[in-house]
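Beneath this line is the structure, given in structure tokens, with notes to follow.
In what follows, chains are A, B, ... by sequence order, proteins preceding strands, each numbered from 1. Values below: every heavy atom of this structure, side chains too, minus hydrogens, waters and symmetry copies.
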Number of protein chains: 2
Amino acid sequence: MGLTLEAIAKIAGVSRSTVSRVLNGGKGVKESTRLKVQGVIDSVNFQPNVAARGLAAGNTGIIGLVIPAGVSALFSDPYFPQLIQGISSVANAHDQSVMLWLAEPDYEERTIRKILYSGLLDGVIVSSMVIDDPTVQSLHESDIPFILIGRHPELEVNFVDVNNLSGGRAITSFLYRCGCRRIATITGPQNMVAGLDRFNGYCDALTVHGLPFSEDLVADGGFTEAGGYAAMKELLPMEPDGVFAASDIMAVGALRALGEAQLDVPADIALVGFDDAPVAARIKPSLTTMRQSTSRLGSKTLEILLDIIANPGHLPRQVIIEPELVIRKSCYAEEFRVEGG
Amino acid sequence: MGLTLEAIAKIAGVSRSTVSRVLNGGKGVKESTRLKVQGVIDSVNFQPNVAARGLAAGNTGIIGLVIPAGVSALFSDPYFPQLIQGISSVANAHDQSVMLWLAEPDYEERTIRKILYSGLLDGVIVSSMVIDDPTVQSLHESDIPFILIGRHPELEVNFVDVNNLSGGRAITSFLYRCGCRRIATITGPQNMVAGLDRFNGYCDALTVHGLPFSEDLVADGGFTEAGGYAAMKELLPMEPDGVFAASDIMAVGALRALGEAQLDVPADIALVGFDDAPVAARIKPSLTTMRQSTSRLGSKTLEILLDIIANPGHLPRQVIIEPELVIRKSCYAEEFRVEGG
DNA sequence: CTCCTTATTGGGAGCGCTCTCAGTATTAGG
DNA sequence: CCTAATACTGAGAGCGCTCCCAATAAGGAG
């Protein structure tokens, strides 16, 4: 409500400046005064006005999280909540606030301008992924600290990403090692770096194992359950003996199609996903997948952003997290240890 | 970046005040000057400083969305993304920004204070649901505009809620009308109003149809998949012929348990959920459930909050949205129309 | 053509806080 | 006990914007 620094100062019998010092670390204040002022602050539950502080100091303690329009359709995936949770947790610990922008096509332009020039944000996290996202371009041209979740194919920018390439390669190889020789893939959207990288990993693995690549064994599932289902239907006539779905959600859709086709997983056909979403462990059969800790991805990202804000001018910070193979029932071989029941 | 009102004024050859007027609706400005100033604003892409505006005007255009600690474990449910999407969409349309607070137990106290007294927020949405949430109490004692998603059991506050009571009653009655006479329920947490209301609706329906209530037919599923699974296991020995799971997520867990018990749904046992989550239509058999449009819940909530901010002092605004029965395969009778394939 | 209204515009005073700098109290050194 | 450091503290000047009020321009009536 209405209390101001000045009011606290008056109550404590000191000057505005002294209260401000106490509020901001208390350096250069006699211990006895610090205690006295802090006592008043605590007793009246004083909370300094963020807007005023932002105006005067130039930083607000607010971080923007932008989910661009292109991916907002996927927003109900468990991915985003986990990401937000990871970010939010670090934000709380660092006394920062998170402002969320779900960009919609109609408002995208306004969104960008607001982020860049309104002076509200100390830094921005963009859950990018869509190639050629104009937001990223604008941000890159501005001088506001920002970081991407997901690498950028061209720009030299800060990012944290899962190694989707090696992950795609690893899990495709795993299908091979489980005996699959006709491996299909259900890809994510090819205008997202993650979709692209996972697909390239798949291609790499085929090459490594001397398997031929065939367009017929590739279908786009758009990172959605329904897309995975449709893609699997499409792949079925090709009679693959193993399928790499580039996300667990799509794998769930694929599994549904497989079930309808009376095919047993993994006996008739092996299936693997990516992400280790919560559903992966629950579904029957449980899903072999690449684990990426999305909440850690989020927390790591904010940590780096805060570091960028505190220590500007470094080279781009680029962190790549290796995903981890989780072997479950949908694809396994005797020689590997299977997780869970 | 650095442009200020003053700079725009100088370029346009008018005063600071005039530019401010143009920015805020342009009332009382000659059309020709308005055009001239607007031209300059557009050409340099001027964006007024939010902190300064907030300080001077007293409102910031920022709405806080608080997800209290008690429910953050459920945050990865599709419920919250949908809610956020609904809120975000209205916020975009009204040129408001959304600040997200995932309260964690450790930080809850600080969170509340920050929300209340930092002066940053024009209003607050609390996705409450947990009974005796201290956040709500504090907010209620303050004079910041706020609204709950989910009714409050005691306080006379603004809220938007789904009619969980009538919904629970309706779907339990539907089980009855489908021939079930030994109806069990998997409840949500009983410290959440939604969990409580849906359970009470279930009890009401039993009474209406003259069915006896039995503690043995009630199990808590905590609104999670795993909880639903465990609860169903627990209920199995009681040999119910119909089960009302108080959320679709729990119904999915229950279905898993039923599958393991070799029971066919709906032939051996009928199952219904609540929410009409995306998974409800996808699962086999597709789930009969009560539809609530979570994103509409979110958008409605923000609309009302904005109205509260604009027109303060009214009586509590309390909106209750009726959920809608969606009949699918997990429980139906010939005389009802079934949705979907 | 002059005087009174009314439409526009400009200037000043903050909003509540931080930051710099000068002033005062304290302490140490001689 | 005095002088030079050093430790604290207070006052003033904004940060960029809105709001109020006085000043000026424009429009009408007489």
Side-chain angles (χ1 to χ4, degrees), chain A residues 1-38 40-41 44-62 95 97 113-114 116-122, chain B residues 1-38 40-41 44-62 95 97 113-114 116-122:
Chain A
M1 260 111 34
L3 277 183
T4 71
L5 245 198
E6 202 93 37
I8 303 296
K10 190 176 239 172
I11 299 174
V14 296
S15 78
R16 197 172 12 118
S17 313
T18 301
V19 180
S20 176
R21 286 191 194 95
V22 172
L23 235 30
N24 297 296
K27 208 57 195 170
V29 179
K30 202 199 292 175
E31 185 61 12
S32 62
T33 15
R34 202 190 66 72
L35 248 39
K36 181 175 58 180
V37 173
Q38 189 65 54
V40 175
I41 291 176
V44 301
N45 242 318
F46 173 68
Q47 196 68 27
N49 181 299
V50 173
R53 173 178 284 193
L55 224 207
N59 67 307
T60 55
I62 302 176
D95 219 349
S97 300
R113 287 179 45 183
K114 194 154 185 174
L116 291 182
Y117 305 112
S118 73
L120 225 209
L121 304 178
D122 290 352
Chain B
M1 262 96 45
L3 278 181
T4 70
L5 246 197
E6 203 92 38
I8 303 297
K10 189 176 239 170
I11 298 175
V14 296
S15 79
R16 193 171 18 110
S17 313
T18 302
V19 179
S20 175
R21 286 191 194 94
V22 172
L23 234 31
N24 298 295
K27 208 60 195 168
V29 178
K30 201 199 291 175
E31 184 62 13
S32 62
T33 21
R34 201 190 66 71
L35 248 38
K36 182 175 59 181
V37 173
Q38 189 65 54
V40 175
I41 290 176
V44 302
N45 242 317
F46 173 68
Q47 196 70 25
N49 181 299
V50 174
R53 173 178 285 193
L55 224 206
N59 68 307
T60 55
I62 303 177
D95 217 348
S97 300
R113 289 179 44 182
K114 191 153 187 174
L116 291 182
Y117 303 112
S118 73
L120 224 209
L121 304 177
D122 289 353

Where B:Val40 and B:Ala12 come nearest, the two heavy atoms and their spacing: CG2-CB, 3.8 Å
Pairs flagged by salt bridge (charged side-chain N to carboxylate O under 4.0 Å, His left out) wherever residues 52-62 of chain A is involved - sequence neighbours left out: none
Donor-acceptor under 3.5 Å (B:Asn49 side chain, B:Ala51 main chain): yes
Difference in axis direction between the ends of the helix from C:dC1-D:dG30 to C:dG30-D:dC1, five pairs, 10°: 40°
Minimum-distance pair of heavy atoms, taken over all atoms of A:Thr60 and A:Val50: O-CG1, 4.0 Å
Atom-to-atom span, CG of B:Asn49 to C1' of D:dT18 - whole angstrom: 13 Å
Option passing side chain to side chain contact (heavy atoms under 4.5 Å, CB included) with A:Val37 (candidates A:Val14, A:Leu23, A:Ile11): A:Val14
Rounded distance in Å - CG (B:Leu55) to P (D:dC19): 13 Å
Please tabulate, one pair per line, each protein N/O and nucleotide N/O from nucleotides 9-13 of chain D that are separated by under 3.5 Å, including the distance.
unit_1	atom_1	unit_2	atom_2	d
D:dT9	OP1	A:Thr33	OG1	2.7
D:dT9	OP2	A:Lys30	N	3.1
D:dT9	OP2	A:Thr33	OG1	3.2
D:dG10	OP2	A:Ser15	N	2.8
D:dG10	OP2	A:Ser15	OG	3.3
D:dG10	OP2	A:Thr18	OG1	3.0
D:dG10	O6	A:Arg21	NH2	2.5
D:dA11	N7	A:Ser17	OG	3.2
D:dA11	N6	A:Ser17	OG	2.8
D:dG12	N7	A:Arg16	NH2	3.4
D:dA13	N6	A:Arg16	NH1	3.1

5' to 3' contact window, DNA chain C with chain B (heavy-atom distance under 4.0 Å): C:dT8 to C:dG16
Nearest-0.5 Å distance that lies between atom CD1 in A:Ile41 and atom CG in A:Leu3: 11.0 Å
Sequence-distant partners of B:Arg16, salt bridge (Lys or Arg N to Asp or Glu O under 4.0 Å), two or more places apart: B:Glu6
List, one per line, each side-chain donor-acceptor pair under 3.5 Å for residues 28-35 of chain A, sequence neighbours excluded.
unit_1	atom_1	unit_2	atom_2	d
A:Glu31	OE1	A:Arg34	NE	3.4
A:Glu31	OE2	A:Arg34	NH2	3.4
A:Thr33	OG1	A:Lys30	O	2.8

